[in-house]
Amino acid sequence: MNSMHIAFESTAATLSEPTGIGNYAASLMHSMQQLHPEAQYDLLRFSAKDRLYASLRRTSLQTDADIAHFFNYIIPHGMQCKTVVSVHDMVIRAYPETMRLRTRLMLQTFLQDSMARADCILTDSRFSAREIAAYYPQLSHKIKVLYCGIDRNRFYPVTDTGIIRRVKHRHSIAGKYILYLGTIEPRKNLLRLIQAYRLLLHDRLDVPRLVLAGGKGWHCGNILRAAKPLCDCGQIVFTDYVPADDLAALYSGAECFVFPSLYEGFGMPPLEAMACGTPVVCSRAASLPEVVGKAALQFDPYSVRQMADAIQRVLNDAALRQRLREKGFARAGRFTWQAAAIRLYSIYEDLLKGARCTWEPPTENPVC
């Protein structure tokens with residue numbers, strides 16, 4: 001076979017403040033280009049407006065590539081090459097009320113058609129594969145699992161206390177802290193986290209601050225209002241979006257990382273925290289048990305008491321914190337973007353050879 005000609009839809013990866021899908025796209029593109037420098041690469045731009053118009057068949061993207069990969073749920077009409085679409089989760093079916101109205105309407109209207117036209121549907125976990133197959137059984141034969149990776153050049157234990165101190169100062173954090181990092185939105189279950197934190201303050205005197213780091217998302221008002229009394233006395237700190245260069249130090253400086261999310265297609269932040277040597281406490285929900293394995297202390301995300309008790313255990317038990325650090329660091333090392341790129345290239349090759357995309361029952365981990 002001649003060298004492959006691959007088109008990547010790169011819009012999310014080039015945003016000034018990229019989040020989950022943007023980082024996913026950028027990491028895969030970079031790793032693929034390193035792994036196969038002989039291939040030819042095109043970068044396509046497909047904005048939110050383009051996605052809407054393309055879905056309405058008012059416009060399309062043209063490329064002479066052999067295969068085009070769209071990282072953000074929707075592919076345009078009229079593609080003449082093989083197409084791969086990344087569908088990261090089924091929030092649109094499981095928790096549609098937590099999505100921005102524009103995104104929800106677009107996916108409710110066009111996602112099924114987009115997946116039907118794709119030659120392959122990639123998703124981030126066995127959990128998400130089961131979810132897509134349950135909601136769209138007629139498309140289950142197209143689903144492939146591609147685990148995300150952790151960039152150990154970006155996420156690593158920061159031991160220089162001066163660096164940690166400067167990052168804390170930049171984000172108005174004083175003293176010890178418990179960290180959450182992710183979008184401030186209802187699906188992340190932050191109202192219950194705030195309630196659990198109140199229980200901690202009631203149960204003990206020396207509770208570290210709770211730092212809620214991340215950009216403000218859809219319907220975040222209730223979360224901000226619930227946190228306000230504790231923000232006013234300095235116990236809860238919101239940081240807004242955290243630049244990539246600050247993340248390792250922010251994770252490394254935390255007493256523990258807590259991730260109470262109700263629904264994730266993968267869940268990068270717990271693994272990022274583990275790669276930085278931070279003990280992780282997270283919800284026993286959706287894809288998270290699959291991703292963190294036995295390297296995190298897990299709780300029922302609907303039980304405020306369980307959440308508070310799990311955080312309390314980690315804060316009180318130095319030996320437990322050390323075990324979680326060691327297990328977490330090893331767990332994060334099993335997820336790499338290089339392994340993801342190797343598997344992705346193999347999927348591309350199979351599609352170009354004419355092999356039919358066949359259903360893989362999501363019972364084994366194809367990466368680690």
Side-chain angles (χ1 to χ4, degrees), residues 8 10-34 43 71-72 88 124 148-185 188 190 208-217 220 236-259 261 264 266-280 282 291-292 325 328-329 331-341:
F8 290 126
S10 62
T11 308
T14 57
L15 297 176
S16 59
E17 294 184 350
T19 53
I21 293 176
N23 290 324
Y24 166 92
S27 298
L28 270 182
M29 290 190 296
H30 176 73
S31 295
M32 184 68 77
Q33 289 167 335
Q34 283 195 321
L43 300 182
F71 295 111
N72 202 2
H88 303 279
D124 303 346
C148 301
I150 292 295
D151 183 349
R152 299 308 281 263
N153 292 318
R154 289 182 57 203
F155 298 102
Y156 55 89
V158 176
T159 56
D160 188 325
T161 57
I163 294 175
I164 293 174
R165 186 169 57 249
R166 286 192 292 274
V167 168
K168 288 173 62 178
H169 177 74
R170 194 149 50 235
H171 296 284
S172 302
I173 302 168
K176 295 181 178 181
Y177 61 98
I178 300 161
L179 178 65
Y180 160 84
L181 189 143
T183 306
I184 308 301
E185 62 182 358
K188 304 301 184 179
L190 298 179
R209 286 175 175 80
L210 175 62
V211 173
L212 302 177
K216 305 299 190 297
C220 66
I236 293 181
V237 176
F238 286 93
T239 71
D240 291 322
Y241 180 84
V242 179
D245 290 345
D246 289 354
L247 288 174
L250 190 66
Y251 279 126
S252 297
E255 297 299 299
C256 68
F257 178 77
V258 59
F259 200 66
S261 182
E264 297 290 326
F266 185 78
M268 293 292 292
L271 282 182
E272 292 170 354
M274 288 176 177
C276 296
T278 304
V280 171
C282 78
V291 171
V292 303
R325 286 191 186 99
F329 193 75
R331 181 71 179 177
R334 298 174 66 185
F335 292 82
T336 71
W337 288 114
Q338 182 184 35

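Because only heavy atoms are used, hydrogens play no part in the values below, and waters and symmetry mates are left out as well, while side chains stay in.
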### Message
For a side-chain contact (heavy atoms from CB on, under 4.5 Å) check, start with the C-alpha distance between I236 and R209, then their side-chain angles and the critical distance, and finish with the verdict.
### Response
CA-CA 6 Å; I236 293 181; R209 286 175 175 80; over 6 Å; no
#### Entry: Evaluation steps, side-chain contact (heavy atoms from CB on, under 4.5 Å), between F71 and T11
CA-CA 9 Å; F71 295 111; T11 308; over 6 Å; no
### Task
For the pair Y177 and L210, evaluate side-chain contact (heavy atoms from CB on, under 4.5 Å) and give the outcome as yes or no after the intermediate values.
CA-CA 6 Å; Y177 61 98; L210 175 62; over 6 Å; no
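The shortest side-chain heavy-atom distance between I150 and M268 falls under the 4.5 Å cut-off.
In plain terms, the two heavy atoms of M274 and G328 that are nearest each other are CB-O, 3.2 Å. Nearest heavy atoms, V292 versus C282: CG2-SG, 3.9 Å. The two residues L28 and A340 make their nearest non-hydrogen contact at CD2-CB, 3.9 Å. For the residue pair A249 and I163, the shortest heavy atom distance occurs at CB-CG2, 4.0 Å. Contact between I21 and N72 at its shortest, heavy atoms only, is CD1-OD1, 3.2 Å. For G214 against I184, the heavy-atom pair with the smallest separation is O-CG1, 3.7 Å.
T278 meets the side chain to side chain donor-acceptor pair (under 3.5 Å) test with no other residue; sequence neighbours excluded. Annotation: side chain to side chain contact (heavy atoms under 4.5 Å, CB included) contacts of S31 (sequence neighbours excluded): W337, A341. Looking at residues two or more places apart in sequence or on another chain, you find a side chain to side chain donor-acceptor pair (under 3.5 Å) between K216 and D240. In this structure A26 satisfies the side chain to side chain contact (heavy atoms under 4.5 Å, CB included) test together with A13, sequence neighbours excluded. Residues that satisfy the side chain to side chain contact (heavy atoms under 4.5 Å, CB included) test with Q338, not counting sequence neighbours, are T336, I342. Here F155 pairs with nothing under the ring-ring contact (aromatic ring centres under 6.0 Å, His included) rule; sequence neighbours left out. For D246, the side chain to side chain donor-acceptor pair (under 3.5 Å) criterion is met by R170, H171, not counting sequence neighbours.
A side-chain contact (heavy atoms from CB on, under 4.5 Å) with T239 is found for one member of L212, L179, I173 and no other, namely I173.
If you take NZ on K188 and CD on E185, they are separated by 5.0 Å, rounding to the nearest 0.5 Å. Distance check, rounded to the nearest 0.5 Å: CG of N23 to CG of L247 gives 8.5 Å. Taken from CZ in F238 to SG in C220, the straight-line distance is 8.0 Å, to the nearest 0.5 Å. Here the OH atom belonging to Y241 is positioned 9.5 Å from the CG atom belonging to L181, to the nearest 0.5 angstrom. Annotation: the span from C276 atom SG to R325 atom CZ amounts to 12.5 Å, rounded to 0.5 Å.
Sorted by first and then second residue, the salt bridge (Lys or Arg N to Asp or Glu O under 4.0 Å) pairs with a member in residues 153-167 form an empty list; sequence neighbours excluded.
Other residues, nucleotides and ligands contribute only 12 or fewer heavy atoms inside 6.0 Å of the OH atom of Y156.
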Review item, side-chain donor-acceptor pairs of residues 250-259, under 3.5 Å, at least two apart:
from: Y251; atom 1: OH; to: E272; atom 2: OE1; distance (Å): 2.7
from: S252; atom 1: OG; to: V158; atom 2: N; distance (Å): 2.9
from: S252; atom 1: OG; to: A248; atom 2: O; distance (Å): 2.7

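Ring pair H88/Y24: centre-to-centre distance below 6.0 Å.
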